[in-house]
Amino acid sequence: MKLRLDGATLALASQQSGLSAPTVSAAWKAFREGGWAAVPVRSRGRLKGQGNVLDTSTQQRLWQALYTCPPAGQPGWSSADLAALVRAEQEIEPTQRAIEHWWESEGLKHKPWPLSTLARQRSQQGRWYRQAVAPLFAGLEEADQRWQGGVRRVAPPGRSVYQLYLHGSRGRLWMRCFNRPPMADDYLTVMQALIGKGLEANGQERKGPVALVFHGAWFSASPEVTTWLAQQTMFRLVQVPANSGVAS
């Protein structure tokens, strides 16, 4: 709270205190509404038996969350959001690393594509990047307005899942899961959320548009999506060819 009172941003206060952004945000909200007495204080560190191992009931709750809408304004569930959900509901302290280890064990931890390396390649993939993606990214001033994403089918033990995944410029992963192929409304909800994340913390719009490089869905076949895209002035979409070799 002292950092926030001194004018530190949410991200800076989170970094310097070692607390997650949702924890700092919740504490700041409580402080503004009720002063120091309203700020919940709990002992730091992991509770006994937690750390990087999630029990069966926690894993089941995480699956349930991934099939539901993410927190308001988010394009999908991040490891920080899932950890905050478990803390609020079960009063245990899973780490983001624990969530990400679980993602990996379930085949959900999609890695960002090495798009920047394609700029130097003399190949079909390199030409595609230089012609379709590089000009778009060159016009964007803020790195976190550049997104890559896609949809794929994964098969964790005992289930078949359609995963819609997104990576920001720093490689952070967001996702949604479905028990059937995502529909047009599902994609539009995600794209609209990305436009919302193109706003500064103070609500002022950034200068450049939001760009999304996407693999796995042919949006030209959807009248709803193509109509929406044609109406956007702050959103740019690049579809990754299925045979590009960029995505897996």
Side-chain angles (χ1 to χ4, degrees), residues 14 19-26 40 42 45-113 147-168 170-194 196-197 212 214-217 219 222 225 240 247-248:
S14 175
L19 298 171
S20 68
T23 298
V24 175
S25 178
R42 292 187 293 181
R46 303 169 183 166
L47 295 185
K48 184 178 180 180
Q50 293 305 309
N52 286 335
V53 179
L54 303 176
D55 60 32
T56 302
S57 63
T58 301
Q59 294 179 43
Q60 184 61 35
R61 182 64 187 97
L62 292 173
W63 270 119
Q64 292 173 355
L66 289 176
Y67 283 105
T68 63
C69 293
Q74 298 285 35
W77 286 96
S78 68
S79 57
D81 292 328
L82 289 172
L85 175 74
V86 173
R87 279 197 299 270
E89 293 185 353
Q90 301 184 13
E91 296 184 351
I92 61 176
E93 293 285 348
T95 63
Q96 289 182 230
R97 186 181 297 274
I99 303 294
E100 291 167 9
H101 280 324
W102 176 75
W103 279 350
E104 190 166 10
S105 70
E106 298 291 328
L108 298 172
K109 193 174 182 181
H110 185 276
K111 295 182 180 179
W113 315 317
W147 294 84
Q148 54 174 260
V151 61
R152 62 177 184 161
R153 189 174 183 179
V154 295
R159 63 179 78 217
S160 179
V161 179
Y162 290 89
Q163 181 194 30
L164 202 163
Y165 58 88
L166 292 157
H167 291 280
R170 296 175 180 85
R172 187 181 181 186
L173 176 61
W174 283 263
M175 69 177 73
R176 288 281 312 274
C177 288
F178 305 86
N179 56 16
R180 40 77 181 165
M183 309 295 286
D185 285 346
D186 300 318
Y187 292 115
L188 290 176
T189 298
V190 169
M191 294 178 188
Q192 289 166 345
L194 292 184
K197 289 184 76 65
L212 172 62
F214 198 90
H215 176 266
F219 294 125
S222 171
V225 176
V240 181
S248 60

Does Val151 reach the side chain of Tyr187, with side-chain heavy atoms less than 4.5 Å apart? yes

Reported OG-to-CZ distance for the pair Ser79 and Arg97, which is rounded to 0.5 angstrom: 10.5 Å

Taken to the nearest 0.5 Å, the spacing of Leu173 CG from Ile99 CD1 works out to 12.0 Å

Please find the pair of heavy atoms, one from Leu54 and one from Pro94, that lie closest to each other, and give the distance. CD2-CB, 3.9 Å

Report yes or no: does Thr68 contribute a side-chain atom to a donor-acceptor pair with the main-chain N or O of Ala65 at less than 3.5 Å? yes

Walk me through whether Arg61 and Leu85 qualify under side chain to side chain contact (heavy atoms under 4.5 Å, CB included). CA-CA 9 Å; Arg61 182 64 187 97; Leu85 175 74; 4.0 Å; yes

Closest contact, heavy atoms only, Ser78 versus Arg172: OG-NH2, 3.3 Å

Is the shortest side-chain heavy-atom distance between Phe219 and Met191 below 4.5 Å? yes

Show every donor-acceptor pair shorter than 3.5 Å between a side-chain atom in residues 102-109 and any protein atom, with sequence neighbours excluded, or say none if there are none.
unit_1, atom_1, unit_2, atom_2, d
Trp102, NE1, Gln59, OE1, 3.3
Ser105, OG, Trp102, O, 2.7

Passes side chain to side chain contact (heavy atoms under 4.5 Å, CB included), Arg180 versus Asp186? Steps please. CA-CA 11 Å; Arg180 40 77 181 165; Asp186 300 318; 2.6 Å; yes

Which value, rounded to the nearest 0.5 Å, describes the distance between Thr58 atom OG1 and Leu82 atom CG? 11.5 Å

How long is the span from the CH2 atom in Trp77 to the OH atom in Tyr67, to the nearest 0.5 Å? 14.5 Å

Please report the closest heavy-atom contact between Ser222 and Ala184, naming both atoms and the distance. OG-CB, 3.6 Å

Which heavy atom of Pro112 sits nearest a heavy atom of Gly171, and at what distance? CG-CA, 3.8 Å

Determine whether Trp63 and Cys177 satisfy the following criterion, side chain to side chain contact (heavy atoms under 4.5 Å, CB included), listing intermediate values before the conclusion. CA-CA 8 Å; Trp63 270 119; Cys177 288; 4.2 Å; yes

What are the two closest heavy atoms between Pro70 and Arg176, and how far apart are they? CD-CD, 3.5 Å

So which heavy atom on Pro156 is nearest to which on Val161, and how close? CD-CG2, 4.0 Å

Tell me if a side-chain donor or acceptor on Gln148 pairs with a main-chain N or O of Trp113 at a distance below 3.5 Å. yes

Taken to the nearest 0.5 Å, the spacing of Phe178 CZ from Gln163 CD works out to 10.5 Å

Look only at the side chain of His167 and the backbone of His110, and say whether a donor-acceptor pair between them is shorter than 3.5 Å. yes

Non-hydrogen side-chain atoms of Trp174 and Val190 separated by less than 4.5 Å: no

Looking at Arg159, I'd like to know if its CZ atom is crowded, meaning that more than 12 non-hydrogen atoms belonging to other residues, nucleotides or ligands lie closer than 6.0 Å. yes

